[in-house]
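We count ligands from 1, going down the list as the structure has it; atoms in each ligand are counted the same way.
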Amino acid sequence: MSLKTRVTELLNIEYPIIQGGLAYLAYADLAAAVSNAGGLGQITAMSLQNPEELRKEIRRARTMTDKPFGVNFAIGQHGRPFEQMVKVAIEEKVPVISVTGGNPKGVLDLIHGHDIKKLVLVAAARQAEKAEELGADAVMVVGQEGGGHLGRGDVGSFILTPQVAERVTIPVIASGGIVDGRGLMAALSLGAEGIEMGTRFIATKETQAHTNYKQAILDAAETDTVVIKRSIGAPARALRNEWTEHILEIEKQEAGYDSLKEYISGKANQKYINEGDATEGFGWAGQSAARIHDLPTVQTLIQRIIKEAEAIKDKWSN
Ligand SMILES: Cc1cc2nc3c(=O)[nH]c(=O)nc-3n(C[C@H](O)[C@H](O)[C@H](O)COP(=O)(O)O)c2cc1C
């Protein structure tokens, strides 16, 4: 079955499946595995300490795959010098750059004129229109179900995806709550031309994360994630644990950023990712965790999604 869309064409990939930027989880190994399996893998730039580390990571990915992959920039976070990192990605001729977490103009202007495809992750229709105006080649639209940072409007993927597809002419990639062939076909039906998945890719063999984090995803029910950081205008979805309960307590008291910063820091995030202690840190995950039940290789996962999508398409055509 052909799943060719404007997204597969734009990104020069076999299947319209993109691995989302995953802070402190998406390094060369995962990116290469996704790209080798026919999707688009991404290295998350802001997880790396400096531009030269990014250069090394891009070169490491190239030793593992000759397929296209992307570099993701979550700007406005971590206080890192993203301009220098974008320049490294340009020098290393990465085929795709994605940007989120703030006004994408700075990054898009730097890439302008280079042969690099520009993806912008948005969480509202207005942001999608803006991204198109600024020259994005495609938008990824994340709904409220998703893991990590979300829009402030609490709008789910079933509303956002078709709304954005109606308002922009560039291809739309649906993100948030997708784990399988059903999600892929639903996204295509809603007007998207590809999907981006985050949480699903954490629960794979290739992702380097503590087994407790992966197990917590496997064990999670649909009510086992919480939105933290809402009180500081940056809502983001994480697995519910002792640490996030404490964060929510502080937020209830409207104590402000200074009281929160230690608890919501990249350090607390990394501590959980690497050590898996739910009393000492947090891990981002979407409601999609409830629908994740195994730890396949990336190749097995992507092949399974395609087979499921094919079965649905067959069923529809009978
Ligand atoms: C652990 C984790 C870290 C994330 N970090 C980033 C990031 O650095 N940059 C980014 O663009 N998106 C980030 N996201 C969002 C994902 O790219 C994607 O939009 C989201 O996971 C989609 O929802 P899903 O988890 O239901 O698939 C992150 C998501 C998770 C779960």
Side-chain angles (χ1 to χ4, degrees), residues 17-27 30-31 34 39-48 54 70-78 80 82 85 96-102 104 107 119-123 127 131 139-151 156-158 160-161 173-180 183-184 186-187 192 194-204 207-210 213-214 216-217 220 222 224-229 234-239 244 264 266 268-270 272-274 281-292 301 305:
I17 299 176
I18 294 162
Q19 167 240 312
L22 293 172
Y24 307 115
L25 292 158
Y27 298 100
L30 178 63
V34 175
L40 184 87
Q42 297 200 81
I43 294 169
T44 303
M46 296 326 229
S47 302
L48 300 162
L54 175 60
V71 174
N72 170 262
F73 291 88
I75 55 175
Q77 283 175 36
H78 315 298
R80 300 253 165 78
F82 75 81
M85 286 199 162
V96 180
I97 284 181
S98 67
V99 53
T100 188
V107 175
L119 308 182
V120 177
L121 181 68
V122 300
Q127 292 168 3
V139 278
M140 299 182 286
V141 187
V142 64
Q144 184 61 18
E145 305 91 326
H149 286 88
L150 304 166
S157 295
F158 253 73
L160 262 184
T161 309
I173 297 156
S175 181
I178 303 171
V179 297
D180 57 11
L184 169 56
I195 56 169
E196 182 197 58
M197 301 189 297
T199 308
R200 179 60 269 194
F201 280 116
I202 304 173
T204 59
T207 301
Q208 285 170 34
H210 195 279
Y213 188 7
K214 294 186 181 183
I217 290 174
E222 63 277 22
D224 285 339
T225 63
V226 288
V227 175
I228 58 172
K229 295 173 66 178
R237 189 176 296 282
L239 286 168
T244 60
I264 58 174
N269 187 199
Q270 280 172 278
Y272 182 69
I273 291 172
N274 299 325
F282 68 91
W284 304 122
Q287 292 175 345
S288 51
R291 302 205 50 248
I292 295 172
L301 173 67
I305 293 173

If you round to the nearest 0.5 Å, how far is [atom2] of [Y] from [atom1] of [X]?
{"X": "Ile228", "Y": "Thr244", "atom1": "CD1", "atom2": "OG1", "answer": "6.5 Å"}
{"X": "Arg237", "Y": "Gln144", "atom1": "CZ", "atom2": "CD", "answer": "5.0 Å"}
{"X": "Leu119", "Y": "Ile173", "atom1": "CG", "atom2": "CD1", "answer": "5.0 Å"}

Open item on the list: Suppose I only count heavy atoms of Gly176 and a 4.0 Å limit; which atoms of ligand 1 are within that range?
Closed with: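 Selected atoms, number and element: 22 (C), 23 (O), 26 (O).
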Heavy-atom distance to [atom]: which of [options] wins?
{"atom": "atom 14 (N) of ligand 1", "options": "Gly286, Gly21, Gly20", "value": "Gly21"}
{"atom": "atom 23 (O) of ligand 1", "options": "Ala285, Gly146, Ser47, Ala74", "value": "Gly146"}
{"atom": "atom 3 (C) of ligand 1", "options": "Gly148, Ala23, Gly101", "value": "Ala23"}

Open item on the list: Under 4.0 Å, counting heavy atoms only: does Glu196 come that close to any atom of ligand 1?
Closed with: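 For ligand 1, residue contact (heavy atoms, under 4.0 Å) with Glu196 is present.
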Task: Side-chain donor/acceptor of Thr199 to backbone N/O of Gly286, under 3.5 Å - done: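 Judged by distance alone, yes, a pair lies under 3.5 Å.
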Open item on the list: I'd like to know if the side chain of Glu145 reaches the main chain of Ser157, judged simply by a donor and an acceptor atom lying under 3.5 Å from each other, with no hydrogens or angles considered.
Closed with: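 Checking the backbone N and O of Ser157 against the side chain of Glu145, a donor-acceptor pair under 3.5 Å is found.
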[X] N/O to ligand 1 N/O under 3.5 Å:
{"X": "Gly147", "answer": "yes"}
{"X": "Leu25", "answer": "no"}
{"X": "Ser175", "answer": "yes"}
{"X": "Tyr213", "answer": "no"}

Open item on the list: Apply side chain to side chain contact (heavy atoms under 4.5 Å, CB included) to residues Thr204 and Val34 and explain how you reach the verdict.
Closed with: CA-CA 11 Å; Thr204 59; Val34 175; over 6 Å; no
TODO: Please state which part of Thr100 comes within less than 4.0 Å of ligand 1, counting heavy atoms only: side chain, backbone, both or neither.
DONE: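 Side chain only; the backbone of Thr100 stays clear of ligand 1.
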TODO: State which residue, out of Trp284, Tyr272, Phe282, fulfils the ring-ring contact (aromatic ring centres under 6.0 Å, His included) condition with Tyr213.
DONE: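 Testing Tyr213 for a ring-ring contact (aromatic ring centres under 6.0 Å, His included) against Trp284, Tyr272, Phe282 leaves exactly one candidate, Tyr272.
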